[in-house]
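Here is the structure we will look at.
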Amino acid sequence: MSKSGALDLATRVGGKIKKKEVQSAVEQYEKYHVFFGGDEETRKTNYSDMVNKYYDLATSFYEFGWGESFHFAHRLVGESLRESIKRHEHFLALQLGLKRGMKVLDVGCGIGGPLREIARFSSTCITGLNNNEYQISRGTELNRLAGLEDTCNFVKADFMKMPFSDNSYDAVYAIEATCHAPDALGCYKEIFRVLKPGQCFAAYEWCMTDHFDPNNETHQKIKAEIELGNGLPDVRSTAQCLEALKLAGFEVIWEKDLAADSPVTWYLPLDTSRFSITSFRLTAFGRLITRTMVKTLEFVGLAPAGSDRVSSFLEKAAEGLVEGGRKEIFTPMYFFLVQKPLSDS
């Protein structure tokens, strides 16, 4: 596991962006979003630039506060956040029936936290697909530290146009990643193409639920906060994702919003009304300390100019996610398990 401290956070803000250009990148990123005059069509057209800027700017904050696995989890009573995250990943592996000898693809793998956990759990070889150079460099280093460089690797590419042959993989999964796609159908078609016939694709998707009302201004504000703070072109509905899967050619084995019956609310780590020792950096006090630290490090020149603005839009994201969860209009864990038919016809 990586040990990301305050100086790591400060020095890594901006990823592969030159430090003197971080503030400009923040401004360009913000302009894609509603609060800064942006619109959905522009975000979809420029999704690659927007998402790359987002992860260059935000990855060090994620790693500092969340660890190596940048996702939420269905959580049981008495279970720590870290334990629930591991179980969430193991659940995916079990649903896919992963076992030794299988060739597996992780679509939108981040810095590879889930990839490493699932590889150890299932004894499989996993390729992580990611279009962000900084995250791949971090993931490669973390693979080396974990002793998994021979079984886990990364490929830099856009998941809308994967550089793999047809029918290449025994299983494909995505964890809160394909929400960055400008077009769900196009993304799912690519996954369908590279998956072997008869094999399965499983994912956790970020979605608006049936409780979301597009005519409700509060609901729209929450959705816009989630898009701003998480580098999203749009947040699709569960129904839109399910329809896109079917149109891509998949047969649906089962699907469910796992947040609906989670014994512990998925947004608990971000809820500022709660306190946790084990997730201290995510609490209100922990986040205040982080924000103050980032401001100070930026002031003295150890963190690049613009770092505090990144911290600010991530805070906005947290607020939107919590409110979306409380109102039950948003879920980060719409789960589905689908299969590519033995015959494409």
Side-chain angles (χ1 to χ4, degrees), residues 2-36 38 49-72 81 110-111 113 132 134-135 138 176 180 206 221-222 224-232 267-276 279-325 332:
S2 63
K3 301 292 185 182
S4 181
L7 283 176
D8 294 316
L9 168 60
T11 57
R12 292 173 184 165
V13 172
K16 292 292 184 179
I17 298 170
K18 294 178 181 178
K19 299 308 176 187
K20 64 182 180 181
E21 297 174 3
V22 167
Q23 184 154 300
S24 173
V26 174
E27 292 169 358
Q28 291 170 44
Y29 171 77
E30 289 174 336
K31 287 177 182 177
Y32 282 122
H33 294 277
V34 171
F35 295 110
F36 299 88
D49 179 69
M50 181 190 69
V51 175
N52 259 300
K53 279 189 171 64
Y54 175 76
Y55 279 115
D56 273 330
L57 296 168
T59 293
S60 63
F61 285 91
Y62 272 99
E63 196 173 348
F64 179 77
W66 214 257
E68 295 177 28
S69 293
F70 305 163
H71 63 83
F72 294 99
L81 175 62
I111 61 171
N132 183 268
Y134 173 67
Q135 287 199 333
R138 278 295 294 150
E176 302 181 22
H180 292 293
W206 280 33
K221 178 176 178 291
I222 290 168
E225 288 175 342
I226 293 171
E227 290 164 350
L228 166 66
N230 296 279
L232 303 179
Y267 56 84
L268 184 68
L270 300 178
D271 189 344
T272 55
S273 67
R274 304 296 183 95
F275 184 82
S276 169
S279 302
F280 176 74
R281 289 178 178 180
L282 298 174
T283 64
F285 188 49
R287 280 151 59 181
L288 175 63
I289 290 174
T290 299
R291 185 78 184 272
T292 304
M293 175 194 70
V294 169
K295 280 188 174 185
T296 303
L297 292 172
E298 183 175 329
F299 179 76
V300 300
L302 289 176
S307 298
D308 182 53
R309 284 172 66 173
V310 178
S311 179
S312 179
F313 70 63
L314 291 174
E315 282 289 323
K316 183 65 69 177
E319 292 168 11
L321 289 166
V322 170
E323 282 306 300

Inset, instruction - Can you label the angle between the Y29 ring and the H33 ring as parallel, tilted or perpendicular, going by 30° and 60°? - result: tilted
Inset, instruction - Find the distance between CD1 (I226) and CD (E319) and round it off to the nearest 0.5 Å. - result: 11.5 Å
Legend entry - Rounded distance [0.5 Å steps], CG in L270 versus CG in L321: 6.0 Å
Legend entry - Heavy-atom pair with the smallest gap, counting every atom of S69 and G113: OG-C, 3.5 Å
Inset, instruction - Enter the distance from I17:CD1 to K53:NZ here, rounded to the nearest 0.5 Å. - result: 6.5 Å
Inset, instruction - Write down the atom of D271, the atom of V322, and the distance for their closest heavy-atom approach. - result: N-CG2, 4.0 Å
Inset, instruction - Of all the heavy-atom pairs spanning L314 and A58, show the shortest one and how long it is. - result: CD2-CB, 4.1 Å
Inset, instruction - Kindly indicate whether the side chain of Q135, heavy atoms from C-beta on, has any atom under 4.5 Å from the side chain of F70. - result: yes
Legend entry - Atom pair CD (E176) and CG (N230), whose distance is rounded to the nearest 0.5 Å: 9.0 Å
Legend entry - From CZ (R309) to CD (Q23), nearest 0.5 Å: 5.5 Å
Inset, instruction - Kindly give the heavy-atom pair with the smallest separation between F36 and K31, and that separation in Å. - result: CB-CA, 4.0 Å
Inset, instruction - Go through T59 and E63 one step at a time and tell me if the side-chain hydrogen bond (donor to acceptor under 3.5 Å, both in side chains) criterion holds. - result: CA-CA 6 Å; T59 293; E63 196 173 348; over 6 Å; no
Legend entry - Minimal non-hydrogen separation, V310 against L57, with atom names: CG1-O, 3.5 Å
Inset, instruction - Report the relative orientation of the aromatic rings in Y54 and H180; use parallel for angles under 30°, tilted for 30 to 60°, perpendicular for over 60°. - result: tilted
Inset, instruction - Check M50 against L232 and note the closest heavy-atom contact, atom names and distance. - result: CE-C, 3.6 Å
Legend entry - Between E315 and S311, a side-chain donor and acceptor under 3.5 Å: no
Legend entry - Check: W66 and P269 side chains under 4.5 Å, non-hydrogen atoms: yes
Inset, instruction - Starting from the C-alpha separation in whole Å, work towards a yes-or-no answer on ring-ring contact (aromatic ring centres under 6.0 Å, His included) for Y55 and Y134. - result: CA-CA 8 Å; Y55 279 115; Y134 173 67; over 10 Å; no
Inset, instruction - Output all residues satisfying side chain to side chain contact (heavy atoms under 4.5 Å, CB included) with F35, sequence neighbours left out; order by chain, then residue number. - result: K221, A224, E225, L228
Inset, instruction - To the nearest 0.5 Å, tell me how far H71 NE2 sits from Y62 OH. - result: 12.0 Å
